Structure formats: structure tokens, C-alpha cells
Amino acid sequence: MSGAGGGRGGGSPAPQRAAPWSLVATTTTAALCLVTATSLWTAGAAPMTREEKQRLGNQVLEMFDHAYGNYMEHAYPADELMPLTCRGRIRGEEPSRGDVDDALGKFSLTLIDSLDTLVVLNKTKEFEDAVKKVLRDVNLDNDVVVSVFETNIRVLGGLLGGHSLAIMLKEKGEYMQWYNDELLQMAKQLGYKLLPAFNTTSGLPYPRINLKFGMRKPEARTGTETDTCTACAGTLILEFAALSRFTGATIFEEYARKALDFLWEKRQRSSNLVGVTINIHTGDWVRKDSGVGAGIDSYYEYLLKAYVLLGDDSFLERFNTHYDAIMRYISQPPLLLDVHIHKPMLNARTWMDALLAFFPGLQVLKGDIRPAIETHEMLYQVIKKHNFLPEAFTTDFRVHWAQHPLRPEFAESTYFLYKATGDPYYLEVGKTLIENLNKYARVPCGFAAMKDVRTGSHEDRMDSFFLAEMFKYLYLLFADKEDIIFDIEDYIFTTEAHLLPLWLSTTNQSISKKSTNSEYIELDDSNFDWTCPNTQILFPNDPLYAQSIREPLKNVVDKSCPRGVIRVEESFRSGSKPPLRARDFMATNPEHLEILKKMGVSLIHLKDGRVQLVQHAIQAASSIDAEDGLRFMQEMIELSSQQQKEQQLPPRAVQIVSHPFFGRVVLTAGPAQFGLDLSKHKETRGFVASSKPYNGCSELTNPEAVMGKIALLQRGQCMFAEKARNIQNAGAIGGIVIDDNEGSSSDTAPLFQMAGDGKDTDDIKIPMLFLFSKEGSIILDAIREYEEVEVLLSDKAKDRDPEMENEPQSADQTTSGPPEVDGESPEDSSLNSHSESSSPATTDNASPSQQDSEPIKSKGYVRFDDECTYFDEDEEEQPETEEDSKQDSKPLHPIVADWKEDMKAIRELKKEMMKKKGEL
């Protein structure tokens with residue numbers, strides 16, 4: 001499943017690629033053919049006997065009967081079974097669970113979601129009875145607000161999956177002979193009920209809709225939402241396109257394609273990632289973190305599967321582009337960690353959610369077998385530790401959220417890995433899943449979700465996806481081809497594991513197959529071959545291939561927790577969070593700030609935009625927290641030291657050469673690690689112009705204003721390299737980024753250099769410089785005063801403009817950069833200052849008890865691309881004095897005023913000289 005409520009909703013080296021599925025594509029058809037490799041296995045895992053596989057398959061059938069039978073006996077026609085109290089969950093009659101209840105629409109959800117599972121499990125008689133119950137009892141016209149996403153994947157998908165297998169059985173001539181597309185007509189009715197949700201300027205659907213009143217106010221009680229998750233808007237194309245292909249009504253596929261097109265256009269262009277939440281009206285990203293788990297997951301899944309089902313190359317091109325970004329930034333084998341879309345080299349959080357367990361299965365379909373094996377093995381180790389996969393767990397594999405609602409994503413990936421490899425190891429994994437479900441989740445009235453995997457406590461909940469997906473994948477894992485009454489290879493799985501026939505690719509094709517307004521990046525990588533895998537070359541001459549990948553991960557969970565048992569128990573009793581690592585720290589994250597406080601680390605925001613960290617171990621919540629704080633500060637010192645070893649570029653100069661400055665104003669500027677190198681090329685001279693938007697994070701709306709000029713931009717909201725590309729595309733000859741931290745100055749802050757975006761920046765040909773706020777304000781004030789302002793970007797200040805050669809020089813020329821003293825250039829002075837302010841102090845290891853008597857403090861300057869963190873050993877937080885306040889209240893730009901006075905004096909002196917010359 002995917003995305004919302006109940007569903008799944010730094011660059012690493014290129015992994016080895018393999019090809020684990022067959023894809024046949026022509027101009028008229030596309031078919032997915034998973035290759036069963038039953039004769040191939042890796043050494044170290046003995047092949048499972050057919051009798052054992054049959055025994056486990058029969059056990060899956062019995063488990064399904066236990067769950068489905070109890071739902072029909074104790075809950076039907078309610079949406080879901082409450083297995084602890086043996087009754088049905090009816091919307092409005094039970095305490096609200098928030099967004100989770102948006103999946104419930106009083107339409108017998110579990111029955112509809114289970115329809116095609118009955119056929120896969122060869123329960124054709126029960127399927128026929130279930131279809132008759134749906135047609136007789138289910139009402140889709142209820143006055144209830146439901147999730148568009150959940151209703152689409154569970155109900156619309158369930159009806160379409162049921163219809164697909166109903167017509168298959170009818171063709172076989174034994175069952176469903178009375179069937180006349182009734183489920184399809186219900187699906188069409190539901191499809192039309194969902195269409196009003198798409199009435200937005202962007203084409204993205206509202207997240208909720210009223211089944212009876214649509215979006216009409218006030219009866220609908222919805223329609224005021226502004227945000228939706230990416231998966232919620234991007235997980236529609238399979239069901240909606242299938243509905244169009246089945247019925248000939250093209251409107252459904254058109255609406256789903258429009259939503260996908262909009263998401264693609266709104267991707268972050270420099271990283272090619274998408275955020276978690278987007279504004280459905282403006283297209284602005286609301287949550288800018290990106291991963292492959294909750295909120296995004298099935299968007300990626302549906303791009304690849306839409307290509308398979310519909311034969312549209314553009315979907316594969318989009319998926320490949322996103323997949324390259326995922327493997328570059330998010331994949332840190334065996335982990336998959338969320339990052340910021342604008343700063344993809346920075347992790348957005350230190351934990352992973354259980355919904356990403358689907359991703360190894362998608363990688364199998366993609367043909368990227370090695371990282372699929374690695375991530376799956378890591379997840380399996382977590383399961384072996386906790387019996388189930390917690391809803392979220394940290395990077396050192398501690399429980400973050402302890403719930404487990406019987407999610408099927410890990411079973412899904414296990415099935416696909418077995419289909420691709422034939423490795424019996426994955427049969428043993430499936431056996432473990434069966435045993436754990438029966439031992440820990442089975443209750444007299446079904447299977448109950450785990451409230452806490454650590455204690456084994458239950459929750460009165462059995463979601464419909466448990467029957468729609470879990471038993472389907474587990475049964476198929478152990479079934480041989482002859483155990484299934486139809487060819488599973490003729491169908492594609494939706495994110496809810498509903499089955500859609502591949503012959504839809506050639507049916508009712510009235511939608512354009514290629515988006516003309518989409519742009520794709522040329523990717524020269526064997527990872528993006530459009531050919532299909534073949535298990536005969538999956539393990540070429542190496543039967544130990546998969547085992548060799550798994551082996552290093554066998555103890556990854558235990559080895560990542562080096563603390564002793566006593567320490568773990570103490571942490572558990574105190575309810576502490578996992579230790580914060582320096583590499584994950586973000587000064588803007590409230591959770592991180594709370595952890596720092598517990599560790600006795602104080603955070604001080606300095607006026608120049610930096611952040612100062614000081615640790616006083618005596619202020620820590622406990623000796624354990626003080627120890628964590630010590631390690632955190634030591635890690636920060638090492639991080640600072642490592643960054644200082646990186647090549648530091650010298651400062652650059654921005655010189656105002658137009659009237660009335662004529663080269664007198666020289667501003668110290670920070671360099672960029674990309675673009676034209678001013679130390680190797682001639683300086684750049686031109687008039688300045690502000691870009692619109694001022695942050696430069698999207699295509700400029702005033703290209704005519706910056707064409708042939710040096711563009712001014714504000715720092716923030718996207719990567720520096722993205723700003724450079726946008727102004728370069730608008731025709732600018734250079735760029736100046738001005739700090740958005742008001743009052744920051746090169747006089748007080750270390751030299752700042754702009755980092756790239758972690759990708760190739762050779763396409764940026766223009767020079768880019770950085771000015772702190774005070775220096776940037778001098779240029780902005782000059783524009784307001786004189787309109788036309790010309791500047792010179794160079795590696796160091798040049799002589800005054802020749803136009804001033806005949807004019808007497810002012811006695812006190814002032815620059816905002818460091819003055820040249822005794823032959824020392826401003827460049828040298830700035831570098832010396834930076835080295836002194838950023839050198840880290842060395843500290844010896846100390847126990848918490850030693851810290852209590854003598855606080856340990858550390859100093860350093862750390863650059864995280866567009867973010868700076870500063871921590872100090874010697875400085876204590878100083879209260880603002882009255883003198884400081886007076887200093888801050890002075891005019892920010894006295895330099896310009898002084899120059900105006902100088903120029904006035906020069907003009908008067910010139911007049912006086914001309915007068916005397918006339919008298920002579």
C-alpha cells in the first residue's frame with residue numbers, strides 16, 4: 001500500500017545492477033513477465049521441499065480463512081473487523097482515530113478489498129458469493145467524508161481487480177456465468193464520485209471528498225484543505241487508466257495523467273526529488289523532505305508500473321530520472337534516509353518508516369538487485385529483533401514508533417526477491433513471517449495489530465489491506481504455477497496488490513502517449529537500460545552472489561548497538577531518544593534542540609547568523625545524557641576539522657564602479673565552488689538588476705531585466721547552484737547572492753563560500769559571489785538612490801575607474817573589506833581571520849564525572865552547504881550591553897553618506913579651481 005493514513009503512502013557509489021524481470025515492449029503492447037527461477041538457489045540455503053512449500057501454502061490458506069471468516073461472521077457489513085472485541089468498526093460509532101478513519105466509507109471495505117485475494121487463493125466459490133454480496137449490499141452514496149487516495153486504491157482498485165478476475169473466470173466457463181460487468185459499473189459510479197476532487201487549478205485532487213455531496217458546501221463538510229501528500233495525488237494512474245480502458249470513458253485517465261504531469265513539473269529541478277506534501281492550489285512544496293517511505297512511496301511505484309500497464313515511455317523516463325536521484329542522495333545502503341529536496345546531501349531525519357519496505361520489491365522490478373537484497377536483509381534483521389517491523393526505527397535500529405498494523409510491504413518485497421532469484425532463503429523469510437503472525441498477532445477473532453512490538457501488546461484493529469495484500473503475497477511465495485488457476489504473469493499488481501490485466505495496454509487507447517511539455521535529463525548509465533532481466537545471468541558463474549551481499553548485514557542490528565544491556569535498560573526507563581549524531585544535527589529542528597538540552601548542550605544564535613554550541617555536562621539530565629553530549633561535541637569537532645581540511649577558496653571583490661563611486665567601494669565577497677573562476681579569468685563587469693523571484697529558486701519572470709547584467713539574489717529556499725542556473729538561463733552574466741540574515745557582515749563573520757548541489761556543476765559558466773547582509777545592503781541602497789549601478793566582479797579590487805583620473809582623490813577612501821596594511825592584501829587578512837575563528841579545540845576524553853566538575857566546551861565552524869553552525873570553546877553567552885545596543889542602532893550604511901559628502905566637497909573644489917583659472 002502507499003501514502004497516507006493506513007497505506008504506504010550523500011550520494012552513494014553506483015551499485016551493481018542486475019535484471020530481475022522481463023519486460024516486453026512494442027508500439028502496441030507492454031507486458032510484465034516475472035521469471036520464476038525455481039531451479040536456481042544460492043549455496044548455504046538448502047532448497048525447500050515441495051511438501052514443505054505445500055504445507056506452508058496451506059497454512060496461509062488457513063490463516064486467511066481465520067481472518068476472513070471472522071470478518072464475515074462478526075463484522076460484515078461494517079468496513080473492518082475489530083478482532084479483540086469481535087465486532088465491526090463502523091464510522092461514527094467508534095471513537096475517531098483521525099486520518100486513519102478516512103479509509104472507512106460504510107461500503108464494506110474489507111469485503112471489496114479481499115475480492116481478488118479469494119481468486120488468487122483458489123477460493124472461487126467464496127469469490128462468487130462475495131461478489132453477489134457486494135452487488136446486493138454495498139452502497140456508494142453515503143454521506144461520509146473519505147480519503148480520495150484510500151478510496152481509490154482500496155475500493156476502486158478492489159472493484160476493478162474483482163472485475164478483472166470475474167471476466168477471467170467467466171471465460172473459463174465454470175464460475176461467474178451470470179456476471180455482466182456489474183462490478184465495473186460500480187467502479188464507474190465510484191470514479192465519477194471522485195472526479196469533483198480534481199476541481200483545482202493545478203489538477204491535483206483534494207485529499208478528501210464526500211461520497212454523497214462531493215465538494216459542494218456546506219453539505220460536503222470538506223473542500224477547505226490546501227495540502228495533499230505526493231503519493232495521495234500520484235497514486236491514481238493505474239486505477240483511473242484501467243477504468244478508462246475498461247469503459248472507454250477517457251476522462252478518468254486524463255485527470256490522473258494531469259495530476260502526475262503537475263507533480264513532475266514541480267519536482268525540485270537540481271535534485272530531481274519531490275517533497276512529501278504539496279499545496280494543491282499553488283504547487284508549492286509544504287514539506288520539503290524527500291524519501292521513499294510514507295507520503296511519497298507509491299508515486300514512484302506508479303510511474304514504473306504505469307509504463308508497464310500503459311506502454312507510455314514518458315513514465316519510464318520520469319521514473320528513471322527520480323530513481324537516479326534516489327540512489328544518489330537517499331540510498332545509503334542498506335539504509336534509505338530522507339533528505340531535503342533543496343539540500344539533498346543533508347539528512348532530514350535520523351529514522352526510517354516501515355512503509356519503505358516496499359522499495360526492495362520495486363528495485364527488483366527495476367532490475368537493480370544488489371541494493372534490493374541489502375535493504376531487504378537489513379529490514380529482516382530488524383524483524384528478527386522485534387518480531388515485526390516497527391512503524392519507525394532509527395538509523396541504529398532502535399524503535400522510534402513501536403506500532404505495527406500488520407503491514408504487508410516486507411512480504412511483498414520478499415515475494416519479488418524470490419521470484420527474481422529463486423533463492424530458498426526468501427522462503428525461509430516467508431516462513432518466519434507466518435510463524436510470527438500466528439504466534440504474536442493471532443487472536444480468537446482474527447489477527448490484531450501490534451500496539452507495541454517491544455511488549456507484544458495488541459490494538460483492536462485489522463485493516464483491510466491485511467487481507468488484500470499479506471495473504472496474497474505469502475500464498476504466491478510458496479505456490480507453484482499449477483497451484484494458481486490463472487497465469488499471474490498476465491497481470492500487474494497495484495499498490496494495494498489488486499490485479500489489472502496487461503492487455504489493457506492495447507485497449508481504448510485515446511490518450512496521447514507522450515507529454516510534449518516534459519523535459520528529461522540525459523542519463524548515461526547502464527542502470528537505465530530498457531531491456532529486461534534474465535535469471536540466467538542474475539548470478540553469472542557465482543552461486544554465492546546473493547549470500548555474499550547478505551552476509552555482511554547478518555549482524556548489522558546487533559553491531560550497531562554497542563552499549564551494554566544496563567545502558568539500554570536505563571535509556572528505556574528514562575524514555576530517552578536515540579543519541580543525536582553530529583552529522584544529523586540541524587539547528588532548525590525542534591526535536592534536535594530538545595535532545596541537545598538533555599545532553600547539557602546550550603545553543604546560542606549569534607547576530608551574524610551562526611549558531612554557537614557550548615556544553616556544560618553538569619546541566620545534562622543524567623550521566624548517560626552527559627556522555628552522549630560529550631560524544632556529540634567530539635563528533636562535531638571531528639566534523640569541523642574535516643571540513644577545514646577541504647580546500648578553501650580566497651575571498652573575492654565586488655567593486656562599484658559607476659557614478660558616484662567610481663571604484664571607491666570595494667566589498668569583500670565569498671567565492672563559489674562552481675561557475676567561472678575569477679582568479680583564472682578576466683573580471684566580469686556589468687550593471688546589476690534584482691531577479692524575480694528574488695530567491696532565484698525558479699524560472700525568472702523578468703529575464704529581460706537581467707539579460708546581460710549581473711543578477712542580485714537572496715540566499716535561501718534552494719541550492720546556490722540552482723540559483724545560478726536560473727539566472728544563467730535568463731541571460732545574466734554573473735550573480736551576487738545576498739545573505740538573508742539581517743545584519744550579518746564580513747567584518748564579524750568568517751568567510752563564506754557557496755557549495756554546489758552535489759552534482760556536476762560544469763554547466764554553470766557565470767561567476768557567482770556571496771555578500772553578507774550589510775555589504776549587500778550597500779548595493780541595494782545604491783540602486784534605490786541612483787537606479788543604474790555598475791559593478792566589477794574580480795579576484796581582487798582593481799584601480800579606480802579611469803573617468804576619475806582627472807579628479808582629485810578624497811583623502812579617506814573607505815572600503816568595506818579589510819584594509820591593506822604593510823603589504824598585506826585584503827585577501828590575506830580575511831583568510832587569517834577565518835583560520836583563527838574556525839580552528840577547533842582539541843579535547844581529551846573525559847568521563848561524565850569529570851565533566852561535572854569542569855565543563856567541556858568545544859569550538860569550530862561547520863559548513864553544511866547552505867547552512868552554517870558555529871560552536872565555541874572560549875566564549876560564554878554574553879548579555880547584550882547598552883553599548884552594543886547603541887552600536888546596533890547606528891545607521892547601517894554610513895559609508896555611502898560619507899562618499900556623498902566627499903563628492904560634494906570635490907565638486908565644490910572643482911568649481912573653485914575653475915573660477916581661479918578663469919580669473920587668471
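On a predicted model such as this, the values are computed, not experimentally measured, just so you know.
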Flag the pair I656 / Y786 as yes when at least one side-chain heavy-atom distance between them is below 4.5 Å, and no otherwise.
no
Sidechain N-carboxylate O distance under 4.0 Å for D261, K258:
no
Heavy atoms, side chains only, cut-off 4.5 Å: are L260 and F315 in contact?
yes
Within the side chain of R267, is there an N or O that forms a donor-acceptor pair under 3.5 Å with the backbone of W264?
yes
For residues A325 and L273, report the shortest heavy-atom separation together with the two atoms involved.
CB-CD2, 3.6 Å
Could you please spell out the steps behind the side-chain contact (heavy atoms from CB on, under 4.5 Å) verdict for N741 and S773?
CA-CA 6 Å; N741 288 316; S773 174; 5.8 Å; no
Quiz: residues 280-295 side-chain donor-acceptor pairs under 3.5 angstrom, not counting sequence neighbours:
from	atom 1	to	atom 2	distance (Å)
T282	OG1	N279	OD1	3.4
T282	OG1	D284	N	3.2
T282	OG1	D284	OD2	3.1
W285	NE1	K266	O	2.7
R287	NE	D289	OD1	3.3
R287	NH2	D289	OD2	2.6
S290	OG	V274	O	2.7

Donor-acceptor contact present, side-chain D338 to main-chain A348, <3.5 Å
no
Any L362 side-chain heavy atom under 4.5 Å of F319 side chain:
yes
Any donor and acceptor pair, going by atom type alone, linking the side chain of S744 with main-chain N or O of F772 inside 3.5 Å?
no
Could you tell me whether the side chain of M719 reaches within less than 4.5 Å of the side chain of P344, counting heavy atoms only?
yes
Under the side-chain contact (heavy atoms from CB on, under 4.5 Å) rule, what do D313 and Y307 come out as? Steps first, then yes or no, please.
CA-CA 6 Å; D313 293 347; Y307 164 63; 3.4 Å; yes
Nearest heavy-atom approach of A259 to G203 is CB-O, 3.7 Å
How many angstroms lie between OG1 in T224 and CE in M215, if you round to the nearest 0.5 Å?
8.5 Å
How close do R652 and S794 get, counting heavy atoms only, and between which atoms?
CB-O, 3.5 Å
Shortest non-hydrogen separation from N272 to H322 and the atoms involved
O-ND1, 2.9 Å
Could you state the interatomic distance from CG (N199) to OH (Y255), rounded to the nearest 0.5 Å?
7.5 Å
Not counting sequence neighbours, which residues clear side-chain hydrogen bond (donor to acceptor under 3.5 Å, both in side chains) with S679? List them please.
D677
In this structure, CG of L771 is separated from CG of L713 (nearest 0.5 Å) by 11.5 Å
Polar side-chain atom of T230 near backbone of I296 as donor-acceptor pair, under 3.5 Å
no
What's the separation between atom CZ in F359 and atom CD1 in I330, rounded to the nearest 0.5 Å?
7.5 Å
For K366 and N320: C-alpha separation, side-chain torsions, deciding distance, then whether side-chain contact (heavy atoms from CB on, under 4.5 Å) applies.
CA-CA 9 Å; K366 170 74 179 91; N320 282 340; 3.3 Å; yes
Is a side-chain donor or acceptor of N729 paired with a backbone partner of R725 at a separation under 3.5 angstrom?
yes
Distance (rounded to the nearest 0.5 Å) between I783 CD1 and I778 CD1
12.5 Å
Do the non-hydrogen side-chain atoms of T684 and I766 ever get within less than 4.5 Å of each other?
no
Quick one: are Q673 and F720 in side-chain contact, heavy atoms under 4.5 Å?
no
For D763, does the CG atom have more than 12 heavy-atom neighbours from other residues, nucleotides or ligands under 6.0 Å away?
yes
So, for F240 and F252, which heavy atoms are closest and what is the spacing to 0.1 Å?
CD2-O, 3.2 Å
Testing the 3.5 Å rule here: is there a donor-acceptor pair between the side chains of D740 and Q717?
no
With the side chain counted from C-beta on, respond yes when I237 and L310 share a heavy-atom pair under 4.5 Å apart, and no when they do not.
yes
Within a reach of under 6.0 Å around CD of E225, are more than 12 heavy atoms found that belong to other residues, nucleotides or ligands?
yes
Using the rule given for side-chain contact (heavy atoms from CB on, under 4.5 Å), can you reason through I738 versus L780, listing the C-alpha separation, both sets of side-chain angles and the distance that settles it, and then say yes or no?
CA-CA 10 Å; I738 299 175; L780 297 177; 4.1 Å; yes
Applying the side-chain contact (heavy atoms from CB on, under 4.5 Å) criterion to N726, which one of K723, E722, Q728 satisfies it?
E722
Considering non-hydrogen atoms only, spot the tightest contact between A197 and T200 and give its length.
O-CG2, 4.2 Å
One should read off an interatomic distance between L303 CG and T235 OG1, to the nearest 0.5 angstrom, of 9.0 Å
Is any side-chain heavy atom of D739 less than 4.5 Å from a side-chain heavy atom of E775?
no
